[in-house]
Each structure stands twice: as C-alpha cells, then as structure tokens.
Amino acid sequence: MANETASAEPSSEVRLNSWKEIAAYLKCSERTVRRWEEEGLPVHRHPHKAKAAIYAYEAEIDAWWGDGRERLKQIQDLQEHPPTVTARWWTRSRAMLGAAALLLVPAVIWELRQKPDQGKKPAEQRELTYTQITNFTDSAVAPALSPDGRMVAFYRSDSWFLTPDQIYVKWLSKGEPVQLTNEPTLKYGLAFSPDGSRLSYATYNAATDEWKTFMVSTLGGEPALLLSNAAGLSWLDQHHVLFSEIESGAHMGVVTATENRSDYRKLYFPQHQRMMAHFSYASPDRQWAIVAEMDPVWQPCRLISLHGNWESRQVGPQGQCRSAAWSPDGKWMYFGAEVEGAHHLWRQRFAGGQPEQFTYGPTEEDGLAMAPDGRFIITSIGLHESALWMHDKHGDRALSSEGYVSPSSARFSLDGKLLFYLLRRDSSSSSSELWRRDLESGKSQAVLSGISMSEYDISSDAKQVVYSTQAPGKASQLWLTPVDGSAPPRLIASREVRAPHFGPDAQVVFQFTDGKANYVGQMKEDGSGLSRLLPYPISAFLAISPDRRWIVADVPLPNDVAIRAIPIGGGPSQRICSWCSTDWAPDGKFFYIGLAPNSQTTRSKTLAIPVSAGETLPKLPPLGIREPEDAKAIPGTHLLDGWFISPGPEPSVFAYVKTTMHRNLYRIPLP
C-alpha cells in the first residue's frame, strides 16, 4: 500500500514525481507500476492533494525491486505478454498436461480470464485482473485474511476440508510462506483473532468422534486448545466468538459464547437432525450470519439472525455453497459454490436481488477472504483432473484419458470382466454419464448416453441399473432401466432419496429423508411397497454386500457415531470403524476397509480382509478397525496403498480414481 502522508524528503535522493516518471525509470507501462503498488511498490502521496499526486524515490524503488525482481518480472511478462491459450486448446489438451501443467497454470488462468467462456458472455460479465499470491507446485487452499489485510493464512493441501496437512501464513507485500503447524490431525477452517496475533482452526478425531478448536500464534509455537465440541470458529468482538457445536449424534448447529463458553446462546440448528452447519460468517454489523451446511453433501447457504429470533432462509446460488464473505459495508454477500459441477464465485445484494456469478472459465475458485477495505478478495484458483486407473499384477495404468471421472464411482461386474464408472466427458459441469469398459478388449463406451446420474448400482446379472438424479433446486429422484437400453427409464421414487442399491428379493434399497432424519428404505422395483428397512435413523447409507443381505451405514447411536454393518434380515450389527470407507469384492470373498491418510505426503491404506465361506463379514475386533495394526491378527489380510478403491476379483486387482490438483492463491479486484 502507498504511504498516505509525506515523509521528510531526503535531500540526497532523486525523486520521481509521477506515474509516468516511475514507469520510465522501471522501463514498463504506467498500468504495470500502478498494479505493482498493490505488491508493495514504495509510492508516496502528497497530503491533502488529489489521489493522483504521487511521488517516489529511486533508492527506495531500487531496494524494493532488488528484493523481488524475478517474481515481478514473471508477473509482468504474463500480464503484458500473455500466451495464446484458448478454451478449445484446453479441452483438447487435457490429457497432455501432466507435470507440465503445473508450470502453465498461472498463464492459463490469466488467458482464460481475459477470454471467459467463449459461447457464454452475459451482460454483467466483466474482465478481472488476477494477481498471484502463492506459487506452489502443489496447492494452497482455504485462505483467511488478517484484520489489517496484510497477512494471509491457508492450508498447503489438495483438500480444504478435513485435511491432515499444515497451516501456513504469508505477508501479502513480500516474503515467503511460513509453516505454522506440524501435526497430522484432520483440520478445517481458519480465522484470525481481532488483533491478528492468533489463528483458530478446527480438528476432528475420527477415533473419538470429537470436534475441537485450537489456537496457534501467527509467529509459530505449539497449538493450544481453545474449546472442545467447537468448530468453524470466528470472532464477533474481542470477547465473543461464533462457532459450531454438536448437539447430539451428528446434528451440528451455530452458537455464540465467550472464549470460556460463558454468555452462551444457541442461534441456529438445521431442521434435519443429520445436517451439520460447519461454517458461519457474521455480517459487519453483527446482526446476521451466512451458514454453510451439509447432509451429506454441501447444501445452498442460509442466512440466519445472530439474535436467534428470525427464520433462516436460503441465499446465494442453488448449488453446493462451501464458503462465504460480506462486503465491509454489509451491502453484498459473496459465495464460493459448486453449481452444476462448476466451482465459481457469486455475489448477491443483502437486501434482495438475485445471485450473480462473477468468475467464469474452466478453472475452479474455492474459498473467500475479503479485504478489510472491500477492494479485493483472495481465493484459491486451480485446475483438477480425475482419471480412472487400474492396478493389477502388471502395475498401474490409466483406463481413461479424457473427461472427469466421479470419485468412488467405479464398480466391477460380478465376473470381473466389466468396469462401470461415471464420466463427465467435456468438463466438470457436463452431465455425469454411466460408462462401461470391457477389460478384455480394452474398449469403453457410454451405457446410457445423455442421462445424468448422481449415484448408481448395477444388478448382480449386470442387466439393470438403478440410479439417482438431482436437478438444481429439485427433489432427487430414483430411476430404473435396462443396461442395454431396450426400454426407457422408469421413475420409481420422487422425494429426497439417494444411494440406490439393488436389494434382496427384487427390492430396491435406498436412503430417504422423513421429517428431520434420514432412514434406509426399501421398495419393489416398480416403486410400490415403500417401507423403512431399519426402524432407527442413519446419517448415510454407504454400501450393500454382493449377496444383498447386509448393508453398511453411518449410524449415530446415543454414545457412539460409527460405521456399522447391519443385517437386512434382522440381528445384531457389527461396528466397522469410526470413519472409513468400506466395500466388498464382487464375489464377497474379501471385505475392504479404507483408512484416511495422515498427511499430504503419506499414502492412505486399505485393508482387504478375507471372509470365511458362508459368511458375509470377517470377524473383526469388538470396536472395529482403527488402524492397520488392528487387522494383523486376521490371517490372510492384505494391506493396499490407496483409499476409496474399487475392489476387483482379488486383492491384487482394483480400480481407483486418480485426481491431480494444482491450486494457488490469487487476489481478485471486486467488480
């Protein structure tokens, strides 16, 4: 930032008295040096004169230029002489990026922002100048700005939510990023204290199902516990904080209190008992807050009163809202949301009006940090690729080279000869179609072209598919159709339904919402005879065994929220873990339990545990599996690299979706 008052003028220094003279001295354009003022260019302003009346000293500019010459030269080259990169080039060249993409991303972002979506240019769309803040070869996500707007905090990670990776801080004007934490707990959310000296962040312990908020000094040191049963914390003033807490089971809402939990008030808990309000963003006048919540996916944001005496209402775009912010005057709300597969930034007038999208293109924006003066925001911008891979005795190989494969969507047929998966062919916002690969011939083709699916299941004889769809702003639906397309799809349920699976005795088993809770339901394949399969509520329905006799669900019992296997015909359930992925081999001979990674640099693990003949589950410890060592006593267990893998005919064969992510922080001036 420029100095707002003149300092005593050193008589021995040469002074430059205009933008034109500064630009000539640095041998660049006036536009560039004006932009460099935001990068810390030492420009002075005359007191009580017009804003254009500026001056600078050659000696100060020389010192500043020498401190970051190479970085500024790269910015100047990219912004004044951008490479010719078009949306069409990007579409055709996705498969060729590889490691080279990491070097091209800043240039691609600049060019695509200057030429947003070629066939889609609404009147309100404006050109925006993007200034890069971090320059990692991996990713920087979830930015938070200090109250004075001089320091940014973030996670150096591919994941912005529940990441085991570490917190970093960086001065915006200069300097290198500095790592603050060095511990593997799952984390999310960052907020500066009012004086900017501390950072809060939330942790989750999957083994104990505990949410806690810790503090760490921006100068470094050991984190200290601030509050238990608290997450997504931010400050309302010097003494009061706004945060989320668990009321019971998995029901998370927003409350306010002091740092020692006195002056406690409940503000908002979602109507649905399994919804979790993870983030809350207070308005500048501390009268309102924007809430981001999930069940089990992110929902549209909601506006609540901080006095707790007003019904909440939906705000922002109709999509998965993951971050929000306010303009300093409280007149605008800003949102980071995924709408129809595209991650972009939106805004909406607080007093009314419709949501307006203001970033475009094939890159993705996630996270929002508002400048104290409201002139710019900081967000994480990048690209990601997701391809289907397969591991067998020959090693690992890619099965898809174009499009975006949905995570955890791969399914082997019972005989192991076919592999099904969901693919978005053109972009992350395209329809998610069901595809099939013949593993013997190597040929891939769309099974039901033009039909967009959220989730699906293939019948044991591979002749039918049951799937869910979700149109923006509409209730989800279940459909059933032959795989060969010999008959049109049939609508069998139209309510809040998801996770369809073929069950026993020509039944369809699925998750549905009834009132304030989720349940596992069942019905006939023609949609008749709907009833609850289990008498008690669940958080999420996760899997079904190949013999269609057991299901796996996330079950919130009074004193234990855990992943459990439950027999459909009745009988005691089996605790699997606190938090893990689960699946069976297509023939049911192995049961797979995936455990989360400890950090960005360590690999996740999956246990392939043998199942005895005539059984559906292996014999597990009473508390299930917490770490790989818990399964050492089970003979024949295989330890595999990876998490959320799709089991094949034997443990040495499995499919997985490989996602390549590259994100950095950018500053965007507000329209």
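All residue numbers refer to positions in the sequence shown, counting from 1. This one's a predicted model, so the numbers in the text were calculated from it and none came from an experiment.
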Would a 4.5 Å heavy-atom cut-off, applied to side chains only, mark [X] and [Y] as touching?
X	Y	value
Ile568	Pro504	yes
Trp346	Val339	yes
Asp396	Lys658	no
Ile451	Trp479	no
Trp389	Val405	no
Lys605	Asp641	yes
Trp160	Tyr188	no
Ser400	Trp435	no

Step by step, work out the side-chain contact (heavy atoms from CB on, under 4.5 Å) result for Ile566 and Val520. CA-CA 11 Å; Ile566 307 161; Val520 178; over 6 Å; no
Straight-line distance of [X] [atom1] to [Y] [atom2], nearest 0.5 Å:
X	Y	atom1	atom2	answer
Ser386	Leu422	OG	CG	11.0 Å
Ile593	Leu607	CD1	CG	6.0 Å
Gln320	Met294	CD	CE	8.5 Å
Tyr456	Thr481	OH	OG1	15.0 Å
Ile625	Ile563	CD1	CD1	13.5 Å
Arg498	Thr469	CZ	OG1	13.5 Å

State whether a side-chain donor-acceptor pair under 3.5 Å links [X] with [Y].
X	Y	value
Thr203	Thr185	no
Ser139	Asp158	yes
Ser431	Glu433	no
Glu365	Thr379	no
Tyr204	Asp209	yes

Indicate the ring-plane relationship of [X] and [Y], choosing parallel, tilted or perpendicular according to the 30° and 60° boundaries.
X	Y	value
Phe590	His638	perpendicular
Phe541	His501	tilted
His278	Phe161	perpendicular

Kindly determine whether Trp550 and Phe591 satisfy ring-ring contact (aromatic ring centres under 6.0 Å, His included), including the steps that lead there. CA-CA 12 Å; Trp550 286 70; Phe591 185 66; 9.5 Å; no
Non-hydrogen atoms of Pro546 and Ala585 that approach each other most closely: CG-O, 3.3 Å
Who pairs with Tyr592 by ring pair (Phe, Tyr, Trp, His ring centres under 6.0 Å), at least two apart in sequence or on another chain? none
Let's go through Arg663 and Glu364 carefully: what are the C-alpha distance in whole Å and the side-chain angles of both, what is the deciding distance for salt bridge (charged side-chain N to carboxylate O under 4.0 Å, His left out) to 0.1 Å, and is it a yes or a no? CA-CA 9 Å; Arg663 293 181 180 275; Glu364 299 178 346; 2.7 Å; yes
Is any side-chain N of the basic residue among Arg274 and Asp554 closer than 4.0 Å to the acidic one's carboxylate O? no
Can you list the steps and then say if Phe510 with Val466 is a side-chain contact (heavy atoms from CB on, under 4.5 Å)? CA-CA 10 Å; Phe510 56 96; Val466 60; over 6 Å; no
Within 6.0 angstrom of Arg626 CZ, more than 12 heavy atoms from elsewhere: no
Apply side-chain contact (heavy atoms from CB on, under 4.5 Å) to residues Asp630 and Leu623 and explain how you reach the verdict. CA-CA 10 Å; Asp630 292 339; Leu623 295 178; over 6 Å; no
Identified side chain to side chain contact (heavy atoms under 4.5 Å, CB included) partner of Ser432 from the options Ser454, Ser409, Ser406: Ser406
Give the C-alpha distance, both sets of side-chain angles, the deciding distance and a yes or no for side chain to side chain donor-acceptor pair (under 3.5 Å) between Asn664 and Thr134. CA-CA 6 Å; Asn664 271 296; Thr134 61; 2.6 Å; yes
Check step by step if salt bridge (charged side-chain N to carboxylate O under 4.0 Å, His left out) holds for Asp457 and Arg411. CA-CA 8 Å; Asp457 188 31; Arg411 298 284 185 274; 5.4 Å; no
Evaluate side-chain contact (heavy atoms from CB on, under 4.5 Å) for Thr163 paired with Val141, printing each intermediate quantity in order. CA-CA 10 Å; Thr163 173; Val141 296; over 6 Å; no
